[in-house]
2 protein chains.
Amino acid sequence: MDKPPKQTKHELFLNYKIWLSGLTGNGKISDTTFELLGLIKKLGSIKLAAQACEISYRKAWGDIESAEKMLSYQLIEKQRGGKEGGHSQLTPACIKLLEAYEALQQKFDDSVEKAFNDFEIAMAKKPEE
Amino acid sequence: MDKPPKQTKHELFLNYKIWLSGLTGNGKISDTTFELLGLIKKLGSIKLAAQACEISYRKAWGDIESAEKMLSYQLIEKQRGGKEGGHSQLTPACIKLLEAYEALQQKFDDSVEKAFNDFEIAMAKKPEE
DNA sequence: TTACGAGCTGTAGCCCGTTGCATATCGATA
DNA sequence: TATCGATATGCAACGGGCTACAGCTCGTAA
C-alpha cells in the first residue's frame, strides 16, 4: 500500500507513516486501516477489501474491531447471511471520518513534498557554504 | 523518543514517523537513528548515546553500520582504546545530513500541526453540514 | 607494560504482529 | 427449508526486530 517515496539527487527516499491513536494508547488507526475502510466502501465487503489490501481477513477484522473500540462508535454496518454470505458498508460517521482523514493525508503529502525539496537543496549545498 | 501527539476534541491523537531509505531498499535511516546521531554529537560516545536513546548498544551500532552502508560514506569517526576506552564523533558529512534532517523534521511538525487542525475542524462539523 | 573501558561482533532467545487454518454462525433467496 | 458464502472468532506457528549477554579488540595514560 505504501506509495513510492520521493528521491533526492543523493539517491535518498523520504518515507513516512501517519496514524491516529486514542487517549489511553490502547489502540490505533493506521493508514492501512483507512485504506481498508476506503476499499470496504468501494467493494462492499471486508473479505474483498482485505484481499485488495493484501492483508489477512483476520487482521482486517481485528483492525476494525480495535478502531471501533477506540472511537467507541460503529464504523461498519455488517450484514451476515443470505445467498451471498453477507456484505458490509461504512456508517455515516465512518464516511465522515474517512473523508476528513483523506483530506488530512492530502495536505500532508503536499507539505511533505515541499519540506523534502528544501532537504534536497540543503543536501546539494557544499558543507562550507 | 516519540513526542506526544496532538489531540482533537474527539480524543484522537495524530502520530507520525519518517525515515529515509536508499535506492535498492536495502536499508533505512529512521528518526531514531537521527536522534542517536544527535546524541553522539552531544555525548561523544555511541554507548552513552544508545543509553540516552534507550536502545541497546547492539542496535545502535547496527543502525549506524547500515546507514553508512546505505549512504556509502562515513558518518562516525570512531576512536578505540585509551584509558577511557574510546570515543566517537560525527563526520562533517554527518553533521550536514543531521542538520538538513532536523530542518526537515521541523517543517514536518509544522505541516502536521496545520493539517491536523483542519482535520479537527472537519470532525467537529456535523455530517450534514 | 599493563589496565581500563569503549568500540566491535556473534548468537540465543524473547516479544509481538501477522498469517493461516479450522470452525462456527447467520439469514436472504432459490 | 436447504444452501451458500461472508461475517465472526480462537489458536498454533512463523518471522523480524530487538535485547541480553558473552567475549573479543584496541590503544592511551598511568
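Note that these values count all heavy atoms, side chains included, but never hydrogens, waters or copies made by symmetry. Note on naming: letters A, B, ... go to the chains in the order of the sequence lines (proteins, then strands), and numbering restarts at 1 for each one.
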Inset, instruction - Return yes if some donor-acceptor pair links the side-chain N/O of A:N15 with the main-chain N/O of B:W19 below 3.5 Å, else return no. - result: yes

Legend entry - Sugar-phosphate or base contact per nucleotide [nucleotides 11-22 of chain D; S, B, -; heavy atom under 4.0 Å]: B------SSB--

Inset, instruction - Look only at the side chain of A:T91 and the backbone of A:L75, and say whether a donor-acceptor pair between them is shorter than 3.5 Å. - result: yes

Inset, instruction - Starting from C1' on C:dT25, measure out to NZ on A:K47 and report it in whole angstrom. - result: 15 Å

Inset, instruction - Rounded off to whole Å, could you give me the CD-to-P distance for the B:Q51 and C:dG5 pair? - result: 14 Å

Legend entry - B:F108/A:F108 aromatic ring centres below 6.0 Å: yes

Legend entry - With sequence neighbours excluded, residues passing side chain to side chain contact (heavy atoms under 4.5 Å, CB included) with A:L43: A:L39, A:L48, A:A52

Inset, instruction - Please check if the side chain of B:E84 supplies one atom and the backbone of B:G86 the other of a donor-acceptor pair under 3.5 Å. - result: no

Legend entry - Point-to-point distance, once rounded to the nearest 0.5 Å, from CG of A:L104 to CG of B:L14: 6.0 Å

Inset, instruction - List the protein contact pattern of nucleotides 24-30 of chain D with one symbol per nucleotide (5' to 3'): B for base contact, S for sugar-phosphate-only contact, - for none; contact means a heavy-atom distance under 4.0 Å. - result: -BBBBS-

Inset, instruction - Verify the contact: side-chain N or O of B:S88 to OP1 or OP2 of C:dG7, cut-off strictly under 4.0 Å; return yes or no. - result: yes

Inset, instruction - State whether A:K78 places a side-chain N or O below 4.0 Å from either non-bridging phosphate oxygen (OP1 or OP2) of D:dA8. - result: yes

Legend entry - Worked verdict on A:T32 versus A:L36 for side-chain contact (heavy atoms from CB on, under 4.5 Å): CA-CA 6 Å; A:T32 334; A:L36 180 72; over 6 Å; no

Inset, instruction - Find the distance A:K17:NZ to C:dG17:P and express it as a whole number of Å. - result: 14 Å

Inset, instruction - Calculate the interatomic distance between A:I40 atom CD1 and D:dA8 atom C1'; express it in whole Å. - result: 14 Å

Inset, instruction - State whether A:D110 and A:K114 are salt-bridged, where the test is any N-O pair (Lys NZ or Arg NE/NH1/NH2 against Asp/Glu carboxylate O) under 4.0 Å. - result: no

Legend entry - Nearest-angstrom distance from the residue atom CD1 of A:I64 to P of C:dT18: 14 Å

